[in-house]
Every structure is written in C-alpha cells, then in structure tokens.
Amino acid sequence: MEVRRLELFYLRMKLRDEFRTSFGSVQERPVVLVRVEERGGEEGWGELVADDGPWYSYETYDTSSTIIRNFIAPIVLQRELQDVYDFHAAVSRIRGYPMAKAAVEEALLDLYGRLEGKSIADIVGGVRKEIVSGVSIGIKRSIDQLVSEVETRLEEGYRRIKIKIEPGHDVEPVKAIRDRFGDIPLQVDANGAYTLRDMQVLRKLDNYGLLMIEQPLAWDDLVEHSILSRKLTTPICLDESIKTLGDLLVAYKLGSCEIVNVKPARVGGILGAKEILETAARLGIGAWIGGMLETGVGRAFLVALASHPAVNYPNDISASDRYWEEDIVEPPWKLTSNGTLEVPRQKGIGVEVRTDLTEKYLVEKWTATK
Ligand code: OSB
Ligand code: MG
C-alpha cells in the first residue's frame, strides 16, 4: 500500500440529545475523519473518537490530531506499507495516543480491504451475519425521564439496556427500572466514579441481578477492582482500565474483572482489539464491543469487531439514529426487527461516506501529500 495523500476532516456535529456520564456532558462533539488515498486512487476512511476534553482518557481531538499531523502522517507517507501490521510496527515508537493510532489504522484497514476485496469483518475473523445491539443511556434530569427513555429503547428493539451511574444516581434508578420492566438485560457503567469507601452502595447494586457493573472504580486501577470483585457477585466489567493486552493479562492474574468492554480506540486499533478479544476468549473472560458515540464510519469498525466469535455479551453499538439526526454514511446503520445490526460483507467498511454531509459539517480540513 503506497499512501500518497492523508487528509483530516474536522467536523462539528450535534447529538440528538445531551449524553451525560459521571465525567461530563456532551451536546455537540468534534468528529475528525481520516481519509487516506493510495497511488491508484483508492481511498480508506477512519474516525478519531477523542472528545473536546481529556475526561474519558488523556486524549483530546486537538492533541491527538496534532500527533497524527506531526508524527503519524509522515510515517504513513514516507514508506510503502506491506500491510496494517507494518503500520503498527512503524508507529510503535510513538508512546501512547491509542485513539490517534486507531483512527489512522482504521483508514488503512478500509483501504486494504477495498484493495484486496475483503470486508473488515473478513479481516478481523468475524463470523456472525448480525450483531446484538444494546444501548447506553446517559444520566437524566429525573428518574421519570430515564424510565421513559428505557421504555422507548425497548420498544425500538434494543436487546440490552445500559445506564450511566454516579454517586447519588445509582440504586434508585436501577430499582425504578427493575420495578417497571422486570428482568430485562440491564447493566450499569460508573466510568470510575466510585471508591472502595462506597461499598454500601455497591453492595446494594449487587442485589439487582445486573449483567455487570462497568468500571466502578478509578480509570487507571486494577488492584482495587480485584478487591471489589471478591466482594460482589455481579461480574465486574472493565473499560477505561484495559488499555493494552498487558493490562488484560494483569487483570486476569489479579482477578480484577470477569468481562471486558473492548473499544478499538482505547487499545490503539482494530488489530489490537482483535488480539484482546482472542486472549479474553482463551482466558474465559467475557467480551463485548463498546462505543464512543461514533458516526457511521467508526460504527462500521465496531460492527465488524462485534462479529468476532469471542464476543459473548450484547454490544454498545446502536443504530445511527440513536445519536444522529443525519449520519454521514450511506446507508445509515439500522436496527433489524431482531434488535441487531447486519454485518456488511462488501469490501472495506461496507458503507459510503456522504461527502455532501462532510462538507456541511466541515470546520477545517488538513491535507498532507507525499
Ligand atoms: O464508558 O462506555 C463508555 C460514550 C463515551 C465515552 C465512554 C462511554 C460511552 C458510552 C456510549 O457508554 C457508547 C456508545 O453508544 O457509543
Ligand atoms: Mg464504559
């Protein structure tokens, strides 16, 4: 693959509704798309998922796109890459910045798939025709509002509900949902908002038959999660704390989690995510694919990964219309009557980027050429 042009499209897009977690609220987000073009004119697209501020991780769209512009783009344009593993070897000297690496890796994988006539699902060893779609619901102004959103999502067909929690908004919303909807597949995500001093509340949550509690304790902690895991019967799922395959191995040795939320952007790309999925399966750790409020471009990679056989829980991969009035891909991602998304088998990501919409939402464009 000889990449002759790498472009960044900086867009700004409004979410249909505010999305609030324990670390902050998003109404409108930066969307940075990576486009690579190969000598013969074929293209590939990827998405940088970093947000405005360093809240979920240290990356922001600004710092990570600077890393792409100054360090990753020159590497991609300077050499002829044999394959995408070659890309990872070349960028391994850049420490950290998994979201920046994942964004460019996605674009290269899409390009590689288009050149070789393979879908992303083919490339990652996906086997499913459709993937189970769950939905992640933010913190609402009232319990009534939350219950009514859960009702809407269940009616739309989502197969699992995840709600965001934080101290002061935890047992009460879970109880309200159980009282109203009974034994639906339900889980919570704290985004690191609790400590071991909150045992009382965590013990109460343990009584609601939750599928899992996601990232209850600090984002960078494995030891305290292993202590907590011994005290609860509900499985612990780690998101923020698993940044590398090495983290997963340590978490396994310590007994810090029973389940892992796999996000390609958090672990430096699709190939790294595939490796984590395979290791999780080998170790008997449950796995599913998480999201970062992606547009239809990033979503395509999540769907492909979720078709991997190691995935054994519903995913945080909703349809395009859960976040976007108009998604920037054609066709948009649509929920089937089964509460699933179909896995495309066309070459590359299997959806087309709508250049009329990338134009409409464009704030800035950056181009580097060979
Ligand atoms: O912790 O899983 C998370 C969104 C942004 C940042 C972190 C998280 C989330 C979600 C939404 O839960 C997942 C999605 O629907 O894309
Ligand atoms: Mg999470």
Side-chain angles (χ1 to χ4, degrees), residues 1-3 6 33-40 42-49 72 75-76 79-92 98-132 244-245 260 262-282 287-292 294-312 315 317 329 331 333 340-353:
M1 277 189 296
E2 196 182 323
V3 176
L6 189 153
L33 300 176
V34 181
R35 179 178 177 276
V36 293
E37 191 183 307
E38 169 263 357
R39 202 175 35 181
E42 189 58 276
E43 62 175 6
W45 289 88
E47 180 170 348
L48 172 63
V49 303
I72 301 180
I75 290 173
V76 169
R79 64 189 83 193
E80 178 152 1
L81 299 167
Q82 290 316 305
D83 53 29
V84 182
Y85 290 97
D86 211 19
F87 163 76
H88 282 290
V91 296
S92 66
M99 291 179 180
K101 290 170 185 169
V104 178
E105 187 229 46
E106 285 184 356
L108 292 170
L109 265 186
D110 181 27
L111 170 62
Y112 176 82
R114 292 181 202 228
L115 291 171
E116 300 287 319
K118 290 181 180 160
S119 69
I120 306 298
D122 292 335
I123 296 170
V124 301
V127 293
R128 288 171 232 261
K129 290 199 168 65
E130 47 183 8
I131 62 104
V132 178
T244 61
L245 179 62
V260 58
V262 179
K263 290 180 183 172
R266 196 190 64 227
V267 303
I270 305 302
L271 299 180
K274 169 177 158 61
E275 199 179 18
I276 287 182
L277 284 174
E278 281 157 8
T279 306
R282 190 161 51 75
W288 52 283
I289 306 302
M292 291 292 292
E294 285 87 348
T295 69
V297 174
R299 214 156 280 269
F301 292 92
L302 304 181
V303 169
L305 272 176
S307 72
H308 192 280
V311 169
N312 54 3
N315 307 283
I317 313 176
V329 298
W333 295 96
T340 62
L341 297 176
E342 276 171 24
V343 181
R345 285 290 163 184
Q346 300 94 305
K347 61 186 178 172
I349 58 177
V351 288
E352 292 301 320
V353 175

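Only a predicted model underlies this, so the values are computations on that prediction, with no experimental measurement involved.
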Out of curiosity, T244 OG1 to I276 CD1, how far, rounded to the nearest 0.5 Å?
-> 6.5 Å
Steps toward salt bridge (charged side-chain N to carboxylate O under 4.0 Å, His left out) verdict (K347, D122) = CA-CA 9 Å; K347 61 186 178 172; D122 292 335; over 6 Å; no
Would I75 and F87 satisfy side chain to side chain contact (heavy atoms under 4.5 Å, CB included), going step by step from the backbone distance to the final call?
-> CA-CA 8 Å; I75 290 173; F87 163 76; 5.6 Å; no
Before giving the answer on side chain to side chain contact (heavy atoms under 4.5 Å, CB included), spell out for T340 and K129 the whole-Å C-alpha distance, their side-chain angles and the decisive distance to 0.1 Å.
-> CA-CA 10 Å; T340 62; K129 290 199 168 65; over 6 Å; no
Nearest heavy-atom approach of G348 to D110 is CA-OD1, 3.2 Å
Between CD of E116 and CE of M1, what distance do you get to the nearest 0.5 Å?
-> 8.5 Å
Provide the closest heavy-atom pair for V297 versus G46 in the form atom of the first, atom of the second, distance.
-> CG1-C, 3.9 Å
Intermediate values then yes/no, side chain to side chain contact (heavy atoms under 4.5 Å, CB included), W333 and V351 | CA-CA 9 Å; W333 295 96; V351 288; 3.8 Å; yes
Does a salt bridge link E278 with R282, judged by any charged N lying under 4.0 Å from a carboxylate O?
-> no
If you take all heavy atoms of G350 and P344, which pair is closest and at what distance?
-> CA-CB, 4.0 Å
So do the side chains of L111 and V3 get within less than 4.5 Å of each other, counting heavy atoms only?
-> yes
Under the 3.5 angstrom rule, does the side chain of N315 hit a backbone N or O of V132 as a donor-acceptor pair?
-> yes
Could you state the interatomic distance from CG (L341) to CD (E130), rounded to the nearest 0.5 Å?
-> 9.0 Å
Between the CD atom in E275 and the CG atom in L245, the distance rounded to the nearest 0.5 Å is 5.0 Å
Heavy-atom closest pair, residues E80 and E2 = OE1-OE1, 3.6 Å
Of all heavy-atom pairs between K101 and V91, which one has the smallest distance, and what is that distance?
-> CE-O, 3.5 Å
State whether the side chain of N312 and the backbone N or O of A287 hold a donor-acceptor pair below 3.5 Å, judged by distance alone.
-> yes
Steps toward side chain to side chain contact (heavy atoms under 4.5 Å, CB included) verdict (R114, W45) = CA-CA 11 Å; R114 292 181 202 228; W45 289 88; 3.9 Å; yes
Taking C-beta and beyond as the side chain, do T295 and V329 meet within less than 4.5 Å on heavy atoms?
-> no
For G290 and L302, the nearest pair of non-hydrogen atoms, with its separation, is O-CD2, 3.6 Å
Answer yes or no: does atom CD of E342 have more than 12 heavy-atom neighbours from other residues, nucleotides or ligands under 6.0 Å?
-> no
Between the CD1 atom in I317 and the CZ atom in F301, the distance rounded to the nearest 0.5 Å is 13.0 Å
Positive for salt bridge (charged side-chain N to carboxylate O under 4.0 Å, His left out) with R35, one of E106, E43, E47 | E43
What distance do L81 atom CG and L108 atom CG have between them, rounded to the nearest 0.5 Å?
-> 6.0 Å
